[in-house]
Every structure is written in structure tokens, then in C-alpha cells.
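Numbers restart at 1 for each chain; the letters A, B, ... are given by sequence-line order, proteins then strands.
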2 protein chains.
Amino acid sequence: MHPLLTGLTGGPVRPSRSLLRPLGTDEISITGGFWAHKQRVNSEATLAHCEEWMERIGWIGNFDRAASGTIAGHHAGIEFVDSEVYKLLEAMAWELGREPDAALEARYTALVARVAAAQEDDGYLHTSFGRPGQPERYSNLEFGHELYCFGHLFQAAVARLRTGYDDLLPQVARRLADHVHAEFGPSRRAAVCGHPEIEMGLVELARITGDSRHLEQARLFIERRGHGTLSASSFGPFGDEYFQDDVPVRETDTMRGHAVRALYLAAGALDVADETGDSVLEDAVARQWANAVARRTYLTGGAGSHHQDEAYGDDFELPPDRAYAETCAGIASVMLSWRLLLATGAEQYADLVERTLLNNVLASPREDGRAFFYTNTLHQRTPGAVPSEHELSHRAESSLRAPWFEVSCCPTNVARTLASVGLYFATATGAGIQLHQYGDYRIDTALDAGRIRLQVRSGYPLDGAVEVVVLEAPATEVDLRLRVPAWAAGAASLSEQPHLDAGTHLEVRRVLRAGEVIRLDLPMQPRVTWPDRRIDAIRGDFAVEAGPLVMVLESADLPDGWSVNEVEADAASLVAGPDGPQITVTRRADADAAWPYAPDRARPALQHHTARLTPYHAWANRGPSTMRVWIPQAE
Amino acid sequence: MHPLLTGLTGGPVRPSRSLLRPLGTDEISITGGFWAHKQRVNSEATLAHCEEWMERIGWIGNFDRAASGTIAGHHAGIEFVDSEVYKLLEAMAWELGREPDAALEARYTALVARVAAAQEDDGYLHTSFGRPGQPERYSNLEFGHELYCFGHLFQAAVARLRTGYDDLLPQVARRLADHVHAEFGPSRRAAVCGHPEIEMGLVELARITGDSRHLEQARLFIERRGHGTLSASSFGPFGDEYFQDDVPVRETDTMRGHAVRALYLAAGALDVADETGDSVLEDAVARQWANAVARRTYLTGGAGSHHQDEAYGDDFELPPDRAYAETCAGIASVMLSWRLLLATGAEQYADLVERTLLNNVLASPREDGRAFFYTNTLHQRTPGAVPSEHELSHRAESSLRAPWFEVSCCPTNVARTLASVGLYFATATGAGIQLHQYGDYRIDTALDAGRIRLQVRSGYPLDGAVEVVVLEAPATEVDLRLRVPAWAAGAASLSEQPHLDAGTHLEVRRVLRAGEVIRLDLPMQPRVTWPDRRIDAIRGDFAVEAGPLVMVLESADLPDGWSVNEVEADAASLVAGPDGPQITVTRRADADAAWPYAPDRARPALQHHTARLTPYHAWANRGPSTMRVWIPQAE
């Protein structure tokens, strides 16, 4: 299928050693249903949308101006817009690996050529620094994002290599990685980038090229961090913690500071730990994940409670209305959980991948794939404004999905994630296959005992029936496992097992016959979810989930003039309606007192309405509305 | 007493026409008790602390360097540190008016001389702009704060004039005001300052000098605002609303954007409205006050729900843990409420002055007056760090009171407010006296019918007994009124009236005899307060108040190892203990689940403890602790 590099294919992550082996684009592909629709919108709308925007506002042109020596004074956008072009290239590479397309290949090749032309003789490549009239290279490690951009270029090159092509972008990446080694290698400048990201890229580059210097370089970046080397710069009220430069990764239990930085760093640290056999470092990352999930993660899987510094808050500080829950943090969380899943095989990591993909990441793109949420609030108090289709938006502050942002990390991050999303659905071992996510997709790979081909069929996430059709299987026993999500109390397998515990897996360990169908049934009826009482901001509230989907109450589903801010509901009124979960909400006739604090709790009479609930990821697709995930329980 | 300017004395605000007449330092003075202690700490510690810090870090020296032509490239601090020197001068002036002190007078005079030396020939005076090598004057109206600084100079000059001296600073102010008129007057530059403040200063200067150009200038600044003239600058995610430049003051019902800006603007607008008889503008400000108090104000009187932009949030968006509630916003709120009280006589404004002074403003200074809260959270989840006594602190983010800040508006604002705080306690009309705040203080002023001298005695805010001893009174009827706070259900007057409604006043309208004692008894037993259910962040929580004081649960009053984050209480357990209110708190043995959202609300067994509550303003005086105002009601 991919003549150039057979044997090197794989997904975004391919550890040298891991309990579970990821599958490449030649081994797994989405064939229909929910996810095929999302990928089609991504390929048909989002990729071109990103390219058109970045062409129009000069972010791609930066490379041309850098190549021609005219960039000084004419750089478009903030310092790190190169990375958006690289994420688009990564998205294109995955898309081309998924489904060859001559027109897209031509666009991809042309874009790579413009990037490559801007590379300097010593391998350095960044349009914001280093040329006459620009700030010097590495003069602003805190916020210059040079190494961050390199990391995204490396990941884009790895996507190209893993989909079978060793062409121009991988060459650019190798030269750039050599430059990084010359500048930041052992006994060179003992510095780190203000924004982690390069660590993952370097490890993956080492994995695919076999050049161990890149792994060593990544290890150095991980070990150098946490000693306050970034603190020399005066950076307002955030401090070392913002950069995770307060404590070394291996010494902390806490995910903290800027959420995307924290999660990219943890993912890179795990990559290093996996390759170097550093179990202390791996354990530290696993502890950070566990603590963050137990105390600092939104029901949607979102991370980041503060707008000010886009950061984690304290334990149990999870305000729904000021949730930052940046789309990129959700993607970073998926990247980290995926690595932990590969390393350990523990299904809790696949559970969080599912939750975060479906409820945080997928909430970002508008139905048409041409506008995006940057932040993902869990409570919209006032109907948001509709951003202009033609102007750059700011990243948050009560607007609906916007076509592009001044800092526009999220759209391209969504694009590369959706282009490769199927690669997160299943894994293999020598003995068998593990199905982690459900939908319509096909697997075709080799086990120790021989080739196996499976077709997975499911209306997931709306329908809980999952069928695995065996197309081809070895003649000997196969260990096939299907994840039973932690939320799936009451799961069963009609074909195999009448009762399955939630948070385990259906294990089919036997000879599989071509044509047979293995079935898993997950309970999709809506259910009530209560928060830990330590989450102050939502105490006394409940949420509704249906299967893997977090549901919301949106004003579009309330009578005219009602807002979600003035309603409550009895959780016991939740029923599965014909169009999805329904709940009877009560409008409180709150008197507008002169002072909102009083010696009594009395409230006057009420109106009732049965309201349909909407999946979180689909909210605000019907225009401006108020919305809440957490509904006050009627007293 | 003040030979130079008798007849011009008064407080910070002295409208030409108002229902109530404010009293000057020659008419009212604090004589002992709670407030005398606060004023003593302010005069003996805080004034010197501010002066020493600003001398050491070069903020005062900026004026010397400006005068000597060496300021370019050597300006210390951010653009608007001049204003801190002016607020200190205002504080010193009020302090000297309150209690003459030769040593302080010498310091004051020396400091004024250094400021005056930096004034340019055309009256302009700012150390950050306009000299060779500095940015041009008025080149950054959004954030340069030039006119803001002028406003503080005007207020400092007015304090000097109102305490009886027309000397160097008032001369500087007159020249500076002439400059403003020449630059920004009618048919000149139609611009406004990014931070309102000058409006109040100009109106007060017009009131005391009789120069109506200054009133007209203030009116122009009010009317020019709200038309997006500041929006030309790209200013991140905040926008016009941050500057209150989205809608003219007279056309909005909503207090919004940066809280200090919003409140200073409203106060200045009311000053203009009072002097010009503009009832539309006055009504708009009163509506904004009422809506903000009903929906956007913390129990402490604090304003500002967002850290990111120091701004008001949406209606009922009042998270206790991310309360910004900047000290300066509390002071600005007092300034606004005081103006509304003078204009209307309505006691609700005095109620908010009381609440905000005692629970927001007074929380800022540490007991020794040498460290300050900039933000005033209502829930501290982790014990704060103790800032260095010798370094500049950032303004927020989990630190305890800090000695000085990079943006240090609050300490000097506290200093000027405490130096003049007694001037907010009572007012006069031709017919009588209105007592708004309680403590130990003396009044000596003239009514239409003649001189009246009163001594007020009270252990307030800890004791609810207020005695007014008549020292001298006219021979004819006097209308004496004592405010009965809105919280004071069950108030009485042993001497006059067995039952008084909360939110009214005790009215004594008769001939007063020297030596007689009028008594008001306010109920100080602790009481439970519930929030409007629309305040999502504290739904299901209650607070405790005792008299005018908001109480907190502080970990210093819990057993070792307990945090306020894991406790709840039954509001019914509140009792008045020997050392203040007590409540029985329950420690929840919350299991540390892997995921904090679950299908049930069950919680395991419990420990109990009877905890003393502490006044909010005194919290964190025993070292780092966790703290909460809002206590979860046990289910």
C-alpha cells in the first residue's frame, strides 16, 4: 500500500516497547457513521478553511517573506503562527494517509515547498526570529515558542513518514533536529522552551529515524525543566508554575499551571520514560494524570479552570461558567491518555479519551467545520455574540464559535486530531486486538498467528449496540477485547456474556471464525450524575449523561423568554424521550430583591416545562443561546 | 481652627447643592474605639510605610529625575505610579487636617515641593510622558493613565484646601487643570482617559475654586465616553466594555467592565449631574448602583468577579473563590454610595458604605498596617504564601497581604480612605444631624438654629449599643436621625422607641438638652444569610453575619489538619459563643474517587467540631490558612 516505508507506518505515537501496539493508517480505517461524517467535514471543509485563512492573513506568506529576505517588519501574526501551518500539514498528511487524493497531495506538496524554502543553511526554521531586523534567535524562550514550533514541524514530518513517505518535510525536520541538537544538546545551552511540545516531536523522530540523539535531546528538555530557568523573565502574576518550571516533572504529583503546557509536557515526559525505561518518570506522569482526573477535570473531560492564565485551578476548583477547558487542552489530554493506554493497557485511559473526544474536542468545530470554540464553557449565562466570518476573533469571552483567532491554535489542532482520530480507536498485541472506541471501522493487521480482519459496526455514540464482524482470523486462538466504559453499568454481550462489569472489558479468547459476529450492548438510557460535594461551584446541581455523551439544557429547548439561569429541576424527572433525554424543568419566579442575600430561602410560585436535552458537543449550533451542563436540583 | 480658609472646609465631596451636607475635619472627628485604632495604625504605620516604599523603589524619585531632566530611560515603575504619590499626599493632607503634626507637615511639604518641581512650564505634570526620550504626551490614552494621575493630584489638592490650606499643591493643581482645559477643553482634543478618575477631581476643584471651566471639562469627559473612542487600540479580549466606552453613562443600566473604572466613572458622573442639575444622568447612575447591588455585588460589598480583566461578571456571577473584589473597587464603591447618600438621603447608600468599609476595604490592611490585600477573595482553598517584606508582589494569585505591589493602587487608597473615614460617618441639614455610621466620634457644627455638639459612643461594630450624648444644642427643635441598618431586624431605642424597622432610621425631632443621652440598640447576635439561588457558585451555602460584620470560617479555628474545603454545617447550629459566633461543622470523609462525578450522592461517616467564626476583615491575621465565607449547608 505504501511502497516507500512499509514497516514504519503507525499512528502519531509508536513506542519502541509498549504493552499495546498502535495501528497505522494501513491497519485501521473509519468506514462510516458518526466519525466518518466528522472526518468528511474535516477533510472537505476544515482543511481548506485553515489553509484559506492562513493564506489570506499572511501566516503562510511569512515563509515566503522569510525565504526572500523581506520578513523583517512584515511578519504576520503573533510569534508562533508557524505552528499553525505545521499542524495543518500534519492534518493533511494524516488525511492523505487515510485516503489518497491528488488535489490535496498537490496542495500539501506546494505548502511544504514554501515552508522548506524558509529553512536557513544551518537548519534553523522560524519566521519570527533571527533574520536581520528581527529579534535574535532564542532571545525570548519564555514566549517566543521557537522550539514549540519545531515540535509541531517534527510531528507533521512524523505523520508524513508514518503514512509512508520520506520526502521533503521529513528532510527539513532532520536538518532542524540537527540544529536543535547543535544548539541545545549536551554541553550546549542548558535551556528549555516556555511551551513544551518539542519533546513529543523529538521522541517520535528518534523512534522513526533511529537517531538516538533526538531522544537524548528530549530527555534533556524534560530534565532541565522545573528548575526555574524560565523565571528570569518577569511574567506578571503567573510565575514558574505557569510554565511547569517550578518542580521537575518526575518530582510532582500535580498537574498545574497552563493546561496545554502541562499536558504536552506530561505526554513528552511519558514518551521519554517509555523509551528510556524510566519507571520513576512514568509513575510520576501516571500520578499526575490520576490526580488531575480525580480533582481538576470537568465532566466533559475539559481541563483548565482559569481564563486569566489558561491554567488548572486548585483541586475541586471547577467553575462551570468560567471553565476555560481549552480545545487544545482536551486534545493534549487525549494525547496523554493515549500514551498511558499504550504503556499500561488500563481502560481508564481509554475512558477519558472517549469522554474528552466526544464532549470537549468535538464541541469545538461548528457543524460545518468552519468555526470553532477555543474555550468550552459548561455554563453560558448570556447568549453569545456571533463572531464575524471575516475577522480575527479573540479566544474567549462570550462569543460563539469563531472562524479564526488571533491565537488560533485550536482549529488546526482539531484538524490534525480528526484526520487521525481513527488511529485512537483500537490497538493490537501479538495475541489479539483491543477495541477502545466504537463506531464503524475496519481493522486489518497481523497478529503473531497471522492476519486478522475485523469490521466494527455501531451507531455509537447514539446507539449502544456494537457488532464486531470477523472477516478473517488466524486458525488459532485470538484474544479480542472490547472496552466496557466505566459509565456503562448494565452492559452485556448478547453473543458472549449476559453481564459485564462497567470499567472492565468483554474478553473473547478463542478461535474466531470468519463471518461470526460478536456483540456488545452498552446501556444508553440517560442517567443522572452528581458531583463530588467538594466542587463548590456545582454543589446541589446534577448533570445528565447518555452513554458517553454529556447532555446540556439549552435555552433553544425552553419556552421563549426563558433562560437557563432561572430554572431548576428534580433529577427524578429525567426520562428517555423520543428525541433524546427529557427533563421537567421548573422556572423559579425569583423576585428581584434590592440585595440578593437574605435571612430566608423562600421562593415564590413556579412554572413547569418538559425540555429536551442536547449533547454538549452540539450546543450552540442553533444560534445564540444560554446553556448549562449542571442543573440545580429542585429543593 | 483653620485660619486660612474658613468656610471652605469639608470632606472629599462637597456638592454645591445636596439634600445632606457633608461635614469637614473641623466638624467631625473620631475620638476613640474601633475606628480610632484603625486611624492610629494608618497614621503611625501605613503613611510612613507608603512613603518609605515609594522612596526606596524610586517612585518619588521619578519627580526629581523629571525636574532635573534625567527621567528618560530612568522612570521607575509602571506608567501611573505618580498617582500613588498623590494618594499618599491626599492621605497626609486628611491626616494633618484631622490632627496637626509638625513632623508630618514637614514631610508633606517636602514631598509636595518635589512633585511641584516636576511641573512643566505649561502646567503638564507626569513623569512617564512628554520629555525627550519618553513617549509623547497623550500618546497612549488607553493605558497611559495621564489624566487619571491628574485626577488624583486634584483630589490631593482638594484635601489640602478642604483642611484649610491654600498652599503649593493647590497652586500646582490649578496650573495643571488649566493645562487640561487647554488640551481637552471644548473644541480641543475630543478624547478621554482609559481610566476614569479625573472627573471627580475636576468637579471638586470647580466646587472649591469656583472655576466653572473645570466642571465643564468634567462634563465633557463624561459625555465623550461611551462612543468607542478608546477602541482604536487593540486590547486583547476585553474590548470597549472594559473601559465603559461601549455605551454612554447616561444610557446604561449596567455596571460593567473593569470595576474600579466603572465605579470611579459613575461617581464622577454623579458629581457632574449634581452640579449641572442633570437628573437624567443622576437617575442613570442610581439605576446602575441599584442593579449592581442587586446582582453583581459580593456579600462583603466587594465588586469584580473576574481576575482576567478585574471586571464585573454577568448578573449573579459571583464566584467566592475567584472573587476579585479589589480593595480599590470597594473604596470606589464607598465614594459612589456616599455621593448618592448626599444627593438623596436614602439610607440604603449608607448601608452599603457600612458593609463595604467594614468587610471589603478594612480587610485589606494587615493588623499592623504594613501589608495589604489587593484582591479580597471569599474562599481561600489553599493556605496562601506569605509575600516577602522586601520585594514587590503581584497583585493576586494566592498570596497573603503583601507590603507593596508592582501595581500598588490599593495601599495608598486605603491610606487616604482611613485618614478621612470619619468624614463619611454623619451629615447635616439646616434642621438637624444624620448619623450614618457608628463608633466613638464627636460632632461640632452649626444648624440653622445654632451650634450643636454631640458625642457619639459605641463599641460598634462589635457592640450594638449606640449612645449619643448631647453636649450642646440649639434652644429650638432639632431633627436628629440615626440610621437603622437594613440588616438590623429587632432594633430598638431604649430612650425613644421600643421598636424600629430595619432599613429606616430612629428619628428624634424635638428640643435637645445638653447632657441628655439618646440610645439606639442594634441586634448583634449572629444570623444566617442565604444567597439568591441564581448565584450558582454558592447555591446551597449559607453565610453568617453578626451585626454589620460578615463572618468567615477559617482553618485556624478548625482542628489541626482540617481544611475549610471538606466541611459542611447545619445553619441551625449557629450560636453566639463567648468569643463570637460559633457553628458546629461536620467534616465529610469524602472518598478520593478516581472520578469526581457519580450516579449517587452518598457520603460516608463524619466528624464534628464546634468552630468559632472570625470577622472577614480580620482573616489571615494569624498566618496562612484556608477560609470560606459561604459554608455548605449539611444535607
Query raised in the report: Based on non-hydrogen pairs under 4.5 Å, which of A537(B), P632(B), P319(B), P596(B) is most in contact with chain A?
Result: P596(B)
Query raised in the report: Does a salt bridge link E566(A) with R587(A), judged by any charged N lying under 4.0 Å from a carboxylate O?
Result: yes
Requested in this report: Between chain A and each of A294(B), S305(B), A571(B), P320(B), count heavy-atom pairs under 4.5 Å; write down the option with the most.
Outcome: A294(B)
Query raised in the report: Is it the backbone or the side chain of P599(A) that comes under 4.5 Å from a heavy atom of chain B, or both, or neither?
Result: both
Query raised in the report: Contact part of V293(A) toward chain B, heavy-atom cut-off under 4.5 Å: side chain, backbone, both or neither?
Result: both
Query raised in the report: So what's closer than 4.5 Å to chain A heavy atoms on W487(B): side chain, backbone, both or neither?
Result: neither
Report summary line: Okay, F316(B) and chain A: the region with an atom under 4.5 Å from a heavy atom over there is both
Query raised in the report: Would D246(A) and R256(A) satisfy salt bridge (Lys or Arg N to Asp or Glu O under 4.0 Å), going step by step from the backbone distance to the final call?
Result: CA-CA 10 Å; D246(A) 52 340; R256(A) 72 215 177 280; 2.6 Å; yes
Report task. Taking the six-membered ring for Trp and the full ring for Phe, Tyr or His, determine whether the centres of F143(A) and F243(A) are under 6.0 Å apart. Result -> yes
Query raised in the report: Which answer fits R355(B), side chain, backbone, both or neither, if we ask what part of it has an atom under 4.5 Å from a heavy atom of chain A?
Result: side chain
Report summary line: In terms of heavy-atom pairs under 4.5 Å with chain A, the winner among T529(B), L299(B), D351(B), V528(B) is L299(B)
Query raised in the report: Side chain, backbone, both or neither: which part of D536(B) has an atom under 4.5 Å from a heavy atom of chain A?
Result: both
Query raised in the report: Where does P531(B) contact chain A at under 4.5 Å (heavy atoms): side chain, backbone, both or neither?
Result: both
Query - Which atoms of R527(A) approach chain B - backbone, side chain, both or neither, heavy atom under 4.5 Å - result: neither
Report task. With rounding to the nearest 0.5 Å, note down the distance linking NE2 in H258(A) to NE2 in H306(A). Result -> 13.0 Å
Query raised in the report: What part of Q348(B) gets closer than 4.5 Å to chain A, counting heavy atoms only: side chain, backbone, both or neither?
Result: neither
Query - Heavy-atom contact with chain A under 4.5 Å, split by part of D541(B) - result: side chain
Query - R295(B)/D532(B) salt bridge by N-O under 4.0 Å criterion - result: no
Query raised in the report: With distance as the sole test, does D321(A) use its side chain to make a donor-acceptor pair with the main-chain N or O of H379(A) at under 3.5 Å?
Result: no
Query raised in the report: Does R296(B) reach the main-chain N or O of G313(B) with its side chain, forming a donor-acceptor pair under 3.5 Å?
Result: yes
Query - Toward chain B, the part of D600(A) with a non-hydrogen atom under 4.5 Å - result: backbone
Query raised in the report: Do Y298(A) and W630(A) have ring centroids that are under 6.0 Å from one another?
Result: no
Report task. Any chance you could measure T382(B), atom OG1, to D314(A), atom CG, to the nearest 0.5 Å? Result -> 4.5 Å
Requested in this report: Please flag which part of T297(A) lies under 4.5 Å from any non-hydrogen atom of chain B: side chain, backbone, both or neither.
Outcome: both
Report summary line: Rounding to 0.5 Å, atoms CD (E310(A)) and CD (Q308(B)) come to a distance of 8.5 Å
